[in-house]
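Counting convention: from 1, in listed order, for ligands and their atoms alike. The structure presented is a predicted model; accordingly, all values stated were derived computationally and were not measured.
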Amino acid sequence: MTREEIAAQLEEARARTLQLVEPLCDEDLRVQHDPLMSPIIWDLGHIAHFEELWLVRNLEGPIEFSEMPGLYNPFENPRRVRGALQLPTLEECRVLMREIRSRVLERMSRVRFDTDDELLRDGYVYSMVLQHEYQHNETILQTLQLKQGMPYRAPRAYSPPSPASVDRSTTARFGGGRVRIGTNDRSAAYDNERPQHEIDLAPFSIDVFQVSNGDYLEFMRDGGYDRRELWSDAGWAWRNESQVNAPKYWMPDGDGWCMRVMDKVTSVDSELPVCHVCYYEAEAFARFAGKRLPTELEWEVAAGWNAATNRMQSFPWGDEPATPDRANVDQLSFTTAPGGAYRDNWSPLGCYGMIGDVWEWTSSDFQPYPGYRTFPYPEYSEMFFGNEYKVLRGGSWATRPGAVRNSFRNWDYPIRRQIFAGFRCARDD
Ligand code: AVJ
Ligand code: FE
């Protein structure tokens with residue numbers, strides 16, 4: 001990438017961030033809408049400070065901090081306390097963003113990308129900062145869906161294409177064998193996606209489509225939420241404590257259900273992938289269906305392993321980047337799409353929609369790959385490795401295309417439902 005291309009991408013990222021918050025009043029920006037989420041103005045300040053830290057400060061000498069000390073440091077100020085902080089107005093934030101950006105561009109005019117410095121080589125640190133802003137965009141959308149007061153006036157810019165007619169119950173099969181997982185890319189991939197490594201993978205079958213609302217309604221109608229035998233111990237404890245009996249944002253409507261996406265309430269469409277279910281609900285559904293969740297390794301093989309070329313593709317359709325034409329990504333559809341809607345979104349193994357629509361829960365804990373090395377800071381991945389978080393794959397309609405690829409690993413607590421997450425099932429074969 002050239003300096004001009006990077007500058008254009010930084011500008012495009014900022015334009016989108018500001019477009020998303022444009023319909024909001026000062027109050028909407030300042031209040032903490034939910035203990036799980038930051039006030040939106042905090043996200044904006046944090047985006048700017050992260051950019052300043054990595055694209056100005058940490059380029060001047062040794063890396064001093066991984067997160068900016070002070071107000072916008074996520075560890076000094078955990079989400080639940082951020083509503084009580086002294087936060088700026090949007091106008092003050094815009095001034096700050098512009099001032100930081102001008103120093104970033106000035107600094108960039110003097111950097112070299114053909115260097116041994118891993119931070120700058122091939123523009124890595126710029127890609128990291130861009131992806132940070134993209135990820136916070138999705139966080140902001142979670143907050144907007146949760147928001148108190150008037151629903152968010154979503155700037156819908158396009159609708160997904162109409163679906164081809166498909167058989168929703170088909171499965172794809174991997175016959176077992178040696179595959180390569182992860183990537184060695186050093187220009188955009190995160191440390192947790194590296195290194196690429198070989199594994200032997202047992203045969204498995206995996207659903208061609210994500211689990212739909214229609215599938216999930218069957219589970220509900222068959223008493224899925226009340227059948228102890230379908231739930232793990234932790235899942236049953238969560239179910240009893242939360243008293244949940246439907247996906248988040250679903251509301252009873254006569255003898256059926258309706259659901260809300262931002263400012264739009266519709267009856268639940270059976271053809272759309274189910275969204276806003278937690279890991280435990282996904283796990284119980286899979287047991288109900290006589291299946292299980294895929295591991296993240298199986299997921300990645302189903303999304304990108306090309307047996308004909310014996311290599312792992314970056315995306316289901318090949319190595320060309322994600323666009324809103326190829327998959328339901330990039331936010332402005334503000335909806336999921338029925339299985340089969342995007343005709344390019346098929347993987348070599350024969351799975352549909354591995355990228356976009358909803359993040360997919362996998363059965364894997366978030367752990368480092370063999371040979372993992374932290375770079376450039378431990379607070380992105382390393383701090384979160386262990387058995388507390390489950391891996392999610394594939395991105396959602398609310399994910400910016402630059403923030404997702406077959407090797408991308410997201411993670412969250414198994415009880416979280418405000419994220420744009422669903423799942424697909426697998427089974428041993
Ligand atoms: C990768 C989505 C789990 O939002 O918690 C943002 C990304 N890291 N700022 C998160 C992140 C630092 C992270 N996830
Ligand atoms: Fe962040």
Side-chain angles (χ1 to χ4, degrees), residues 13-14 17 20 34-55 58 63 65-80 82 85 87 93 97 100 125 127-146 188-194 278-279 296 329 331 358-362 364-368 372 374-386 388-405 407-421:
R14 186 57 41 81
T17 300
L20 292 180
D34 189 280
L36 288 178
M37 311 307 292
S38 316
I40 290 166
I41 202 76
W42 188 94
D43 283 288
L44 300 184
H46 168 78
I47 287 169
H49 276 91
F50 189 86
E51 176 174 324
E52 178 184 24
L53 178 68
W54 285 97
L55 301 187
N58 284 344
I63 296 173
F65 298 105
S66 326
E67 290 282 0
M68 200 67 144
L71 189 56
Y72 297 108
N73 185 301
F75 305 98
E76 281 179 50
N77 301 294
R79 282 188 185 181
R80 65 194 137 65
R82 288 176 197 165
L85 299 171
L87 295 164
C93 216
M97 285 175 143
I100 290 173
V125 74
S127 174
M128 182 179 92
V129 167
L130 277 164
Q131 290 182 70
H132 184 255
E133 183 152 357
Y134 299 154
Q135 291 184 355
H136 274 274
N137 279 184
E138 187 160 350
T139 311
I140 290 170
L141 287 167
Q142 292 165 23
T143 309
L144 292 173
Q145 171 70 19
L146 275 165
Y190 281 101
D191 54 4
N192 67 53
E193 297 166 65
R194 299 193 296 264
C278 75
Y279 174 83
E296 64 165 323
V329 292
Q331 309 173 335
V358 292
W359 288 97
E360 298 183 22
W361 287 107
T362 74
S364 301
D365 293 341
F366 186 50
Q367 298 281 8
Y372 164 86
T374 291
F375 183 79
Y377 68 108
E379 289 85 352
Y380 185 78
S381 312
E382 190 189 315
M383 266 197 53
F384 301 95
F385 288 142
E388 279 190 280
Y389 296 92
K390 289 292 179 187
V391 173
L392 297 122
R393 294 293 199 116
S396 75
W397 63 261
T399 308
R400 298 231 56 198
V404 70
R405 48 204 162 254
S407 59
F408 186 86
R409 307 169 73 201
N410 197 359
W411 65 92
D412 215 324
Y413 290 118
I415 62 171
R416 289 292 183 250
R417 309 207 308 160
Q418 90 286 7
I419 56 179
F420 302 99

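With a heavy-atom cut-off of 4.0 Å, E138 does not touch ligand 1 at all. Of all the heavy atoms of W411, the ones lying under 4.0 Å from any atom of ligand 1 are found in both the backbone and the side chain. With a 4.0 Å heavy-atom cut-off, ligand 1 is reached by the side chain of H136 but not by its N, CA, C or O. The residue D412 has no part lying near ligand 1, judged by heavy-atom distances below 4.0 Å.
Using a 3.5 Å distance cut-off with no hydrogens or angles, the side chains of T139 and Q135 do not pair a donor with an acceptor. Between the side chains of E193 and S407, a donor-acceptor pair is found at a separation under 3.5 Å.
Side-chain contact between F384 and N192: absent, with no pair of heavy atoms (C-beta onward) separated by less than 4.5 Å. Residues L55 and I100 fail the side-chain proximity criterion, which asks for heavy atoms closer than 4.5 Å. Looking only at side-chain heavy atoms (C-beta outward), I40 and L144 come within less than 4.5 Å of each other. Considering only heavy atoms from C-beta on, Y380 comes within 4.5 Å of D191 through its side chain.
Remark: minimum distance from atom 14 (N) of ligand 1 to any protein heavy atom is reached at N410 OD1, 3.7 Å. The closest protein non-hydrogen atom to atom 13 (C) of ligand 1 is Q135 OE1, 4.1 Å. Looking only at protein heavy atoms, the nearest one to atom 5 (O) of ligand 1 is R79 NH2, 4.4 Å.
Its N, O or S atom nearest to the Fe ion (ligand 2) is what matters here, and for H132 that atom is NE2. Of all the N, O or S atoms in H46, the one closest to the Fe ion (ligand 2) is NE2.
There is no protein heavy atom closer than 4.0 angstrom to atom 10 (C) of ligand 1.
To the nearest 0.5 Å, the span separating OH on Y389 from OH on Y279 amounts to 16.0 Å.
Considering each of F384, Y380, F408, the one bringing a non-hydrogen atom nearest atom 8 (N) of ligand 1 is Y380.
Note: no N/O pair closer than 3.5 Å links E67 and ligand 1 by distance alone.
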**OP:** Under the side chain to side chain contact (heavy atoms under 4.5 Å, CB included) rule, what do E51 and H132 come out as? Steps first, then yes or no, please.
**Re:** CA-CA 9 Å; E51 176 174 324; H132 184 255; over 6 Å; no
